[in-house]
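Handing you this structure, nothing more for now.
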Amino acid sequence: MNGMDRRWRDLLEAAVGEPPHQVSAKAVHRRVIRRRLVEAVAGTMAVAIIAALALAGLRTLGHTHPPAPATRPHPTARIITSRHYHYAEELPAGWRLAGQATQRWNGTGSPGDHDPQSDLFLGPGGVEAWAYAAPTRENLAAYTTTVIWAANNGHACPQVQQTSQAITVGGAPARLLAFQCPEGSGFLVELVVTVHDGTGFVFGSQNPSGTKASDRAAFREWLAGIHL
Amino acid sequence: MDAETEGFAQFVEARQRALQRTAWLLTGDWAVAEDLVQTALVRSWPRWERIRRRDDPEIYVRRAMVNTWASWRRRRWWGERPSETVPDTQAAGDVATEVAVRIAVQSALRSLSARQRAVFVLRVYDDLSEAQVAHVLDCAVGTVKSTMAQAVARLREDPRLAGLMDREPQ
């Protein structure tokens with residue numbers, strides 16, 4: 001830390017003062033338990049409401065047969081359509097939409113998970129997936145090179161990936177790229193690039209503490225829900 | 001109490017003040033700062049053993065804290081707006097200096113973008129290396145360097161802060 005940094009630090013130190021309350025592990029534990037309870041109650045209530053609605057619907061239709069025991073929510077309830085990019089995602093179990101992009105991507109740079117141009121999804125165990133898209137005249141190979149160049153420029157992702165696989169997303173041919181960003185950080189990022197009807201789509205994934213096989217599997221499940 | 005719970009409790013006890021101070025510099029409000037630290041810890045606790053084994057827990061919690069703060073800011077109800085005038089008055093004596101410093105710093109930090117503020121606080125106040133800040137913010141080291149330079153340039157333009165920086169250290 002140089003002299004100027006030290007002056008800045010002293011100034012921040014002088015401004016910040018002492019926190020008025022302590023954060024205790026007990027309080028955190030209580031909040032974890034409360035959160036789990038709320039999630040459980042919300043889940044049970046959702047199932048109960050759906051069951052009640054299903055029953056009411058069957059009665060209205062004049063069905064005389066007893067209702068089926070299954071109370072699974074209707075699959076359309078879990079399909080998200082991107083406001084800006086118009087793909088649809090059929091959410092697998094454990095996934096939810098954290099937020100739609102608040103700005104349309106203009107095709108430059110390499111938006112990250114928390115950038116306003118990205119739709120952000122949260123999955124099991126903290127795994128994240130994000131998506132953005134823009135019109136392109138490039139084919140898949142050229143667009144993939146463009147995306148790699150932008151990721152290298154914006155996030156220090158290496159030009160040479162750990163893996164580069166041909167896959168399909170929503171029925172369209174795609175490339176699945178995996179690299180550590182920055183190189184050697186141990187922090188694995190996966191990007192899926194596809195071009196469909198003149199639009200280049202990028203779907204990314206990462207886990208805050210590094211990607212495990214289960215996280216990669218969760219991302220693939222999420223990818224399987226994409227409709228272009 | 002099992003070893004994992006005990007380890008987590010020890011971490012919270014040892015680091016909660018420092019985390020709250022960082023959170024205050026990000027949010028400018030002690031109540032929100034306390035909530036932010038708790039939320040980051042609540043998110044970290046279910047995978048504490050894994051974090052402890054594979055990562056630096058403090059870096060992980062700070063990352064959760066910054067990400068949580070960023071997600072709160074994305075919500076529309078987060079009504080923080082920069083202001084030319086601070087609705088506060090100065091008291092007499094030493095308290096006045098203390099309050100003046102606090103107001104000047106808060107106001108200057110509010111003039112920064114979220115990313116600039118996070119980089120500045122983590123780099124200068126928490127003394128994290130550029131690589132560590134890049135890890136916390138999930139960006140390139142080059143981005144940290146340029147963001148830090150932009151933040152410092154902006155803070156230097158703040159006349160009240162410049163006055164405080166020009167003073168001899170106490």
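Order of the sequence lines sets the chain letters (A, B, ...), proteins ahead of strands, with each chain counted from 1.
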Heavy-atom neighbours of A:H227 NE2 exceed 12 at 6.0 Å =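 Counting other residues, nucleotides and ligands, NE2 of A:H227 exceeds 12 neighbours.
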message = Centre-to-centre under 6.0 Å for A:W8 and B:F120, is that the case here?
response =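 Here the rings of B:F120 and A:W8 have centres that are less than 6.0 Å from each other.
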query = Side chain, backbone, both or neither: which part of B:T39 has a non-hydrogen atom closer than 4.5 Å to chain A?
reply =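 Both backbone and side chain.
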query = Heavy-atom distance under 4.5 Å to chain A: side chain of B:L19, backbone, both or neither?
reply =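 Contact with chain A: none, neither part.
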task = Report yes if some heavy atom in the side chain of A:P19 is under 4.5 Å from a heavy atom in the side chain of B:W30; otherwise report no.
result =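 Side-chain contact under 4.5 Å: yes.
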ask   = Is the backbone of A:Q22 close enough, under 3.5 Å, to the side chain of B:Q16 for a donor and an acceptor to pair up by distance?
value =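 No, B:Q16 side chain to A:Q22 backbone: no donor-acceptor pair under 3.5 Å.
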message = With rounding to the nearest 0.5 angstrom, report the CG to CD distance, B:N67 to A:E128.
response =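 Reported to 0.5 Å precision, the distance equals 6.5 Å.
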inquiry  = According to side chain to side chain donor-acceptor pair (under 3.5 Å), who are the partners of A:E18, at least two apart in sequence or on a separate chain?
reply    =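 Result, side chain to side chain donor-acceptor pair (under 3.5 Å) vs A:E18: B:R17, B:R21.
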message = To the nearest 0.5 Å, what is the distance between CZ on B:R102 and CG on A:L11?
response =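 With rounding to 0.5 Å, CZ (B:R102) is 12.0 Å from CG (A:L11).
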query = Quick one: do B:R50 and A:D215 make a salt bridge, cutoff under 4.0 Å?
reply =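 Yes, charged N to carboxylate O under 4.0 Å.
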ask   = Checking heavy atoms, do the side chain of B:V37, its backbone, both or neither come under 4.5 Å from chain A?
value =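 It is the side chain, since no backbone atom gets that close.
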query = Are side-chain heavy atoms of A:R31 and B:D35 found at a separation under 4.5 Å?
reply =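 In contact.
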ask   = Heavy-atom distance under 4.5 Å to chain A: side chain of B:E34, backbone, both or neither?
value =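 For B:E34, heavy atoms of backbone and side chain both lie under 4.5 Å from chain A.
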inquiry  = Just verifying a value: how many Å separate A:R9 CZ and B:Y125 OH, rounded to the nearest 0.5 Å?
reply    =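 The CZ atom of A:R9 sits 6.0 Å away from the OH atom of B:Y125.
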